[in-house]
Amino acid sequence: MRYKEWTDEGLLRQPVFVRFRDDKPVSDAAKKGAGSRERDQEVPVESTAPRSPLPREVKFSNLDKVFWPEEGYTKGDLIDYYRAISPWLLPYLKDRPVVLTRYPDGIAGKSFFQKDAPGFVPDWIRTEKIWSEDTQRYIGYFVAEDVESLLYIINMGTIPLHIWGSRLTTLEQPDWCILDLDPKAAPFLHVLKIARATKSLCDDLALPCFIKTSGSTGLHVLIPLGRQCTYEQARTLGGLLARVIAAELPDIATITRQVERRGARVYIDYVQNGYRRLLVAPFSARPLPGAPVSMPLAWSDVTPPLDIRKFTIKNAPALMKKRKDDPLRGVLELKP
DNA sequence: GACTGGC
DNA sequence: GCCAGTCAACGCCAA
DNA sequence: TTGGCG
Ligand SMILES: [Mn+2]
Ligand SMILES: [Mn+2]
């Protein structure tokens, strides 16, 4: 990203024009619902992607508004973060519905989810309609294809980004199987131990496996599936792995859903492998003190002293520049 | 953060 | 003109 | 079928 593209009025003036989009049908794979329920109609049918070149210009607002009171980080800091991290973040947003959580008054203010893009968003922001069976209407999901769209979304007061596990072209088939390791009362050391046990199990099964921090208290282990199986199959795999780990480490891990019965054990949540279930995007900022982010890790990082609160909007871009390659990227590419 | 509808 | 309200629902599993 | 869960 080059700062020369930024004027002092806070406008993004990039002499960039949207490509004509290739109008191939958005829906190919989702067509055959793989026999899974009456989801057949829930296919993106229309898009508002631009059909003619349009200048993209984001007019930023309230850049000095404090979003993280304890640290004094501002909305401008947040926008700077997302701009700087966008080369690593955008691959995960490409062709994927995104759900916003907006905090127009910072992390201490009122927040709300937003799936359906409001009518006032500019034409050059891509949205894709997906049918919602229960509400009997189309939801026009945001799809952040480029840094301008991303920053427009962030300027709306969006802090965390949640993404689908599947892409628009393959809505029924996720890119990954996720195991969400949730400590609550459990010591983080146990999370690390469980993560390594998962890695070791995947190694035994010849399954590739990647990891990131959640940005909050836990870790997310992701197994690439290459969009070759259904959510149901992903969930079956996740449940199997989770069961094996929980049986192996019964004192520190559990898959029990009742919070009370978990005690101080780490909850291995595999149920997030489902249609329309969301994952905190890699590199997403979190609305928590310290402005932590969901940070991809190398397996060599998954050892004490790992402190996941140490990855923040202030240092993550520099860390990635140093690291150069995103250690999680394989989750988008590998096909086991 | 931006917009809408009721007063 | 001002102010309050809206901006999401969901799939899954155990009981 | 419902309720709890994330
Ligand atoms: Mn979690
Ligand atoms: Mn407001």
Nucleic acid contacts - residues 244-259 of chain A versus DNA chain C, non-hydrogen atoms under 4.0 Å
A/R257, A/Q258
Hey, can you pull the residues of residues 100-114 of chain A with a non-hydrogen atom under 4.0 angstrom from DNA chain C?
A/F112, A/F113, A/Q114
Considering just the side-chain nitrogens and oxygens of [X], establish if one lies under 4.0 Å of OP1 or OP2 belonging to [N].
X	N	result
A/R277	C/dG11	no
A/R235	C/dC12	yes
A/R137	C/dA9	yes

With sequence neighbours excluded, residues passing side-chain contact (heavy atoms from CB on, under 4.5 Å) with [X]:
X	answer
A/L334	A/P208, A/F210, A/P224
A/T303	A/R196
A/E260	none
A/A242	A/L179, A/I255, A/I268, A/Y270

Specify the residues of [range], ordered by number, for which at least one heavy atom lies under 4.0 angstrom from an atom of DNA chain B.
range	value
residues 67-78 of chain A	A/F67, A/K75
residues 212-228 of chain A	none
residues 178-199 of chain A	none

When the P atoms of C/dC7 and D/dG6 are compared, how many Å lie between them, rounded to an integer?
25 Å
Looking only at atom P, what distance separates D/dC5 and C/dA8, rounded to whole Å?
25 Å
For A/G215 and A/L288, which heavy atoms make the closest approach, and how far apart are they?
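Closest pair (atom of A/G215, atom of A/L288, distance): O-CD1, 3.9 Å.
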Between the side chain of [X] and the main-chain N/O of [Y], is any donor-acceptor distance below 3.5 Å?
X	Y	result
A/T74	A/D64	no
A/K65	A/G76	no
A/N155	A/S61	yes
A/T158	A/I153	yes
A/R286	A/A291	no

Grab the [atom1]-[atom2] distance between [X] and [N] for me, whole Å please.
X	N	atom1	atom2	result
A/I130	C/dC10	CD1	P	11 Å
A/D116	C/dA9	CG	C1'	12 Å
A/E260	D/dG4	CD	C1'	12 Å
A/Q136	C/dA8	CD	C1'	16 Å
A/N273	D/dC5	CG	P	20 Å
A/I268	D/dC5	CD1	C1'	17 Å
A/Y141	C/dC10	OH	C1'	10 Å
A/I139	C/dA8	CD1	P	6 Å

Residues, nucleotides or ligands: over 12 heavy atoms within 6.0 Å of A/D307 CG
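Above 12, so yes.
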According to the ring pair (Phe, Tyr, Trp, His ring centres under 6.0 Å) rule, which pairs have a member within residues 156-190 of chain A, sequence neighbours left out?
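Every ring pair (Phe, Tyr, Trp, His ring centres under 6.0 Å) pair that includes a residue of residues 156-190 of chain A, provided the two are not neighbours, is A/Y141-A/W164, A/W164-A/Y275.
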Could you list all the ring pair (Phe, Tyr, Trp, His ring centres under 6.0 Å) pairs where at least one residue sits in residues 79-117 of chain A, not counting sequence neighbours?
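Ring pair (Phe, Tyr, Trp, His ring centres under 6.0 Å) check on residues 79-117 of chain A returns no pairs.
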Got a salt bridge between A/D182 and A/R262, using NZ or NE/NH1/NH2 to carboxylate O under 4.0 Å?
no
What I want to find out is whether A/R126 reaches A/D146 closely enough, with some N-O distance under 4.0 Å, to be called a salt bridge.
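Not counted as a salt bridge, because no side-chain N and carboxylate O are separated by less than 4.0 Å.
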With A/F142, the side chain to side chain contact (heavy atoms under 4.5 Å, CB included) member among A/E128, A/M156, A/K115:
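Option passing the side chain to side chain contact (heavy atoms under 4.5 Å, CB included) with A/F142: A/M156.
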Got a second to check how far A/L237's CG is from A/E232's CD, nearest 0.5 Å?
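Rounded to the nearest 0.5 Å, the CG-CD separation comes out at 13.0 Å.
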Using a heavy-atom cut-off of 4.0 Å to chain A, what are the terminal contacting nucleotides of DNA chain B, in 5' to 3' order?
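The contacted stretch runs from B/dG1 to B/dC3.
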Would you say the side-chain atoms of A/W68 and A/E70 include a donor-acceptor pair closer than 3.5 Å?
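No, because no side-chain N or O of A/W68 sits under 3.5 Å from a partner of the opposite role on A/E70.
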Taking the nucleotide of DNA chain C with the nearest heavy atom to each, does A/L278 or A/G274 sit closer to the 5' end?
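The residue mapped nearer the 5' terminus is A/L278.
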Going through the checks in order, is the side-chain hydrogen bond (donor to acceptor under 3.5 Å, both in side chains) test met by A/R102 and A/Q114?
CA-CA 7 Å; A/R102 296 177 55 191; A/Q114 190 154 42; 2.6 Å; yes
